[in-house]
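For reference, the structure is listed below as structure tokens.
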Amino acid sequence: MAHLLLASGWEATFFAASAPTSAVREYLIQFAYLAASVLFILGLRGLTAPDKARRGMQLAAIGMAVAVIGTLLHHEILTYTWILVGLVVGSAIGAAISIWMPMTAIPQRTAISHAFGALAATLVGIEHYEHLRHLGGAIGGIELAALGFEVLFGSLTITGSLMAFGKLQGLIPSAPVTYKLQNEINIGLFAFAVVLFFAIVFGASDSGWHAAAFYAMVGVGLAVGVLLVLPIGGADMPVVISLLNSYAGLAASATGFALHNNVLIIAGALDGASGFLLSILMSKAMNRSFTNVLFGAFGAVPEGVAAAIGSEQKTVKAVSVEDAAIQLAYARDVIVVPGFGMAVAQAQHQVRELAEQIEKHGGEVKYAIHPVAGRMPGHMNVLLAEANVPYDRLFEMDEINGEFPRADVALVIGANDVVNPAARNDPSSPIHGMPILNADQAKSIIVLKRSMNPGFSQIENELFYDPKCSLLFGDAKSSLSQLVTAIKGL
Amino acid sequence: MDLTAILQLYVFVLAGFVGFQIITKVPALLHTPLMSATNAISGISLVGSLVAAGADRGPVSVTLGLIAVTAATINVVGGFMITDRMLKMFKRDSRPGPLSVSQNGSPKQLEQRS
């Protein structure tokens, strides 16, 4: 009995002394956030080397767990039911997607995932805004600015990412859509967003129109997201995905400013910096500026080029599977140039089988990866790694370009613009100045190609008319399997 | 401007610099895992959603919070799992010796396998 009394007495004092405990809680939360921030940075640092990367990401995941557990101590949290429901449902969906999704769909998954992250940030912003209004009194200008940024970046990332997802998944035509006054409309919307922003920051936050301006901001963001991605073609997706990655981070950072939460600010800033840097790298790899990618509607066929194709009749050299097999079997140096076509055909496993056969015959196979090959940065590397190609066989453009003149065969699989010599030679070409893989300098070139249709950017590729170049028509996957069988039979 | 905002700005700018410095060192090889990793990390909005979902500020708040928690969790769990799945696949060449050796050894290998 005395024991029980003692226990309840202790509990009573524990809960009565809420002031010191809430301070202790607050310290615990803040230390959890600090630890999480450090773990995120260490985790990203792990990605600088392939053999440390997994370990690094585990650290980052631990960091996330620490941040979540820390937050659960928050004194404002009273019921855990809905939190638990959300965590369980979200984990189940997230895990299901990541277990069953094929690696070729990574760009789509990344795009839709940006939409989810941005949705969370936007909803948190709206909830926080309503909460502050409900509390009454004037809301600070800085908080309003943060909330304005949060819902603007958040909402434009939601629709932008959904659009990118639709284009990558083939739900909407991935060709760029252009219409009259496109840039004018975009600039108008942007100006409207700026006006709304000032209205939100400097207006009286308890008035009815303030809420109207706030939700109009959400609406503008959603519209901008759609219009931003609409005119962007599939080949420019690496830039757009990187940019949306950056925006998702900025939305998280803005959430941090609004909630006075440093771990949100830090994680968002890391993400924002990463996405921004990647989009710069991708733009550079296409020799285009940001503004050009966003407002240029690149894939819209330049009329002069289309006309030029029609007027000139050049011939290409088709090659049979048997001849190509002989050429590859007796080659000593083979450089494989994979492109988006390989991903579409899901041919990465056949590529590796073919490489094994070539190596059995004494050849050496390397892979030349252009920075914008595929639909997101690094896309080809992941696919080839999935097919068990060791990563030390994968070479970046600058590393391998000098080796093409020594290569017996450059095997181009579903790549087009990234090997188009017009980028070097033809100042009138839309891709002129874009750094390319020097496949044309190899002693011979074999191109696996579905048909003679020009590639995604609709630009004619003069490599195909090179006398050293032969084309093997057909689906990349079946062509490669046939090549493997043919070489085995030699 | 109050001091908190200034400090937050410091945190933001410095974290951005750290991010920039680290990410410039990430090789192009790992750009896809990098993006899905930063994507998972930006699911940190989860932290904000948790408070909204649990603070009992009325049904609207709870609904918004619940959706936000779910969406952010998909982002976090999916992001980290897919990143790990990708990184697991990156392997160094395990074959013994440099490739030039196999030029002589290849007929033997062929016999063994066929």
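Quick note on labels: first sequence line is chain A, next is B, and so on, each numbered from 1. No experiment lies behind these values; they were computed from the predicted model shown.
Both the backbone and the side chain of Val47(B) come within contact range of chain A, judged by heavy atoms closer than 4.5 Å. For a residue to count as touching a neighbouring chain, one of its non-hydrogen atoms must lie under 4.5 Å from one of that chain's; by this rule Leu384(A) does not touch chain B. Only the side chain of Leu46(B) comes within contact range of chain A, with at least one heavy atom under 4.5 Å from a heavy atom of that chain. For Met57(A), the parts sitting under 4.5 Å from any heavy atom of chain B are the backbone and the side chain alike. Residue contact with chain B, scored on non-hydrogen atoms closer than 4.5 Å, is absent for Phe395(A). For Asn261(A), the parts sitting under 4.5 Å from any heavy atom of chain B are the backbone and the side chain alike. Of the two parts of Leu394(A), only the side chain, counted from C-beta on, holds a non-hydrogen atom closer than 4.5 Å to a non-hydrogen atom of chain B. Both the backbone and the side chain of Ser61(B) come within contact range of chain A, with heavy atoms under 4.5 Å apart. Contacts of Pro50(A) with chain B are made by both backbone and side-chain atoms, with heavy-atom separations under 4.5 Å. Both the backbone and the side chain of Thr24(B) come within contact range of chain A, each with at least one heavy atom under 4.5 Å from a heavy atom of that chain. For Glu130(A), no part sits under 4.5 Å from any heavy atom of chain B, backbone or side chain. With a 4.5 Å cut-off on non-hydrogen atoms, Phe257(A) touches chain B through its backbone and its side chain both. Looking at Phe12(B), the atoms closer than 4.5 Å to chain A (heavy atoms on both sides) sit in the backbone and in the side chain alike. Only the side chain of Thr71(A) comes within less than 4.5 Å of a heavy atom in chain B; its backbone stays farther off.
Partners of Asp84(B) according to the salt bridge (charged side-chain N to carboxylate O under 4.0 Å, His left out) rule, which considers only residues two or more places apart in sequence or in another chain, are Arg54(A).
The residues Arg393(A) and Glu359(A) are annotated as salt-bridged, a charged nitrogen and a carboxylate oxygen being separated by less than 4.0 angstrom.
In this structure, Phe20(B) and Phe276(A) have tilted ring planes: the angle between them lies in the 30° to 60° band.
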Item to complete: Step by step, work out the side chain to side chain donor-acceptor pair (under 3.5 Å) result for Asn39(B) and Thr110(A).
Response: CA-CA 8 Å; Asn39(B) 180 230; Thr110(A) 309; 6.0 Å; no
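Ranked by non-hydrogen atom pairs under 4.5 Å with chain B, the options Ile266(A), Leu281(A), Leu84(A) are led by Ile266(A). Between chain A and the residues Ala40(B), Gly19(B), Pro27(B), Ser36(B), the largest count of heavy-atom pairs under 4.5 Å involves Pro27(B). Counting heavy-atom pairs closer than 4.5 Å to chain A, the top-ranked of the candidates Ile74(B), Asp56(B), Thr70(B) is Ile74(B).
With hydrogens and angles disregarded, no donor-acceptor distance shorter than 3.5 Å links the side chain of Thr73(B) to the backbone of Gly90(A). Judged by distance alone, the side chain of Gln21(B) and the main-chain N or O of Val18(B) form no donor-acceptor pair under 3.5 Å.
Sorted by first and then second residue, the pairs that involve residues 67-86 of chain A and meet salt bridge (charged side-chain N to carboxylate O under 4.0 Å, His left out), not counting sequence neighbours, are Glu76(A)-Arg57(B).
A heavy-atom distance below 4.5 Å is not found between the side chains of Tyr129(A) and Glu143(A). Side-chain atoms of Arg92(B) and Asp51(A), non-hydrogen and from C-beta on, do get closer than 4.5 Å to each other. For the pair Trp82(A)/Thr63(B), no side-chain contact is recorded, criterion being any heavy-atom separation below 4.5 Å from C-beta on.
Side-chain contact, Asn245(A) with Thr38(B): a donor N or O sits under 3.5 Å from an acceptor N or O.
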